[in-house]
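Notes to accompany the following structure.
Atoms within each ligand, like the ligands themselves, are counted from 1 in listed order.
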Amino acid sequence: MKYQSTRNGCPHQSFEQVLLTGLAPDGGLFVPVSLPSFGIEEIQSWADLSYQDLALKVITPFVGGDIPAPALKKIIYDSYAEFHHPDIAPLAKLDENEYVLELFHGPTLAFKDFALQVLGRLLDYMLIQNGQRVAILGATSGDTGSAAIEGCRHSDQVDIFILHPLNRVSEVQRRQMTTVHGENVFNLAVDGNFDDCQRIVKAAFNDQAFLPKECRLAAVNSINWARIMMQTVYYFSSVLKLTRGKLKVSFSVPTGNFGDIYAGYLAKKMGLPIDQLIVATNANDILHRFIYQNVYSASKLKKTFSPSMDILVSSNFERYLFDLFDRDGEVLSHFMQQSLSGKLSVSDEQWKSVREIFSSASVTDDQTCAIISEIFVKHKMLVDPHTAIGLEASRRCNNGNNYPMVTLATAHPAKFGEAVVAAGLKVPDLPGHLENLLEREERYQTLPNDLHAIQGFVARNLRFCSK
Ligand SMILES: *Cc1c(COP(=O)(O)O)cnc(C)c1O
């Protein structure tokens, strides 16, 4: 399997190279040169596999020969051994044809664990093979940071630096990062918002001269292809559990950086019978305005009850636009440049093809709370605010085709107490392994919203590179 950049400005790369670099050297994102696809009979034949074995079927073509099968198998089995539910990604039924896919049974209680447990181990494996070390630099709107730290904390091959926006992540989210005290773990609170953090990370990847010569950066954000790849698996597991692959299933996906929903889009392109893919956003609704009205323009960032989706510009959307623009890197580069200023649209024909695949909704904080309380009263289930947005969108966008509708439950409600309280309910206890989180000692640094300040901190604190 070979990978290319969405900006077409660099040579094809192997899985290993893509895993270790993250962002392409030309500023684009890596995508496979050609996507693997599976016949429907082959997919149906996987209906009785364990989650781990299904994952191996789905991801092996992406990894190609870069990791021997037994090593890949061990990585997958070790990663999901950290989960606290035997089904890994269980489905809960709400109503006839209405389901919730619980993606919060991993160590940090959000769906990010599905990919980052694996990514940490993949990096470790490759780096040990090559005798290399890297500095991981990532930005988090709350959940990526803790999942990445959890996935990498035991690796001798990496130092990990995670930027989070100061005072804009929930207390539980912050503490899940700042109470991990490995000597290779650095938490940086940036005086800015998530987009500022994401911009600094991208700029640092594009200019690595601040690092010692033998050192380079690796990415844990969903710009890293391996994350997207791992997230396709639970779309397969859901369809197989609900219909054994004999009927289509629809998905509603709480969306921020367009990573999770893009994984669903890929699963569909790979042959999985998917009907609707619903993009569920909060008030930060650039994707909804694009899908609904063909207007692509960033607005002002709004702080909401669903902070993991408080994002202005969705990095992974570039990967979808690349397909929409017939994989023409120049057209895409032009579009991305233009999008920095002003409003953009695509042609009517292109917009039509967007709408054939995606529908969308934007949900306010009030509506989010109303859904949390309604689901609690009706079904005795407490959902987190991101999941509530997904559920509301699934109802608004349902096309009436009568296929099972699955909403991705992206986090555990204990992570987002503010919304639960606003919905008039009691915040649930954290699960056992995080019981005394609020008493643990925190360690983090506050830094200005400035590329050079961050670069300087990273360069000074690397454990392993000569200074
Ligand atoms: C990251 C996250 C999202 C958004 O996922 P994307 O892949 O960035 O679209 C939604 N909900 C929760 C709880 C998250 O942590």
Inspect the contact between E374 and R395 and indicate whether a charged nitrogen and a carboxylate oxygen are less than 4.0 angstrom apart. yes

Within the protein, flag every N or O under 3.5 Å from an N or O of ligand 1, and note the pair and distance.
residue  : atom   : partner : partner atom : Å
ligand 1 : 7 (O)  : G259    : N            : 3.2
ligand 1 : 7 (O)  : D260    : N            : 2.9
ligand 1 : 8 (O)  : N257    : N            : 2.7
ligand 1 : 9 (O)  : G256    : N            : 2.8
ligand 1 : 9 (O)  : N257    : N            : 3.2
ligand 1 : 9 (O)  : F258    : N            : 3.1
ligand 1 : 11 (N) : T410    : OG1          : 2.9
ligand 1 : 15 (O) : K112    : NZ           : 2.6
ligand 1 : 15 (O) : D143    : OD2          : 2.4

Evaluation steps, ring pair (Phe, Tyr, Trp, His ring centres under 6.0 Å), between F83 and F114: CA-CA 9 Å; F83 281 58; F114 277 82; 4.9 Å; yes

May I ask you to check whether F358 and Y320 place their ring centres under 6.0 Å from each other? yes

Is the CD atom of E418 crowded by more than 12 outside heavy atoms at less than 6.0 Å? no

If you measure only the distance, is there a donor-acceptor pair under 3.5 Å linking the side chains of D310 and N284? yes

Where at least one partner belongs to residues 260-284, residue pairs that pass salt bridge (Lys or Arg N to Asp or Glu O under 4.0 Å), sequence neighbours excluded: K269-D323

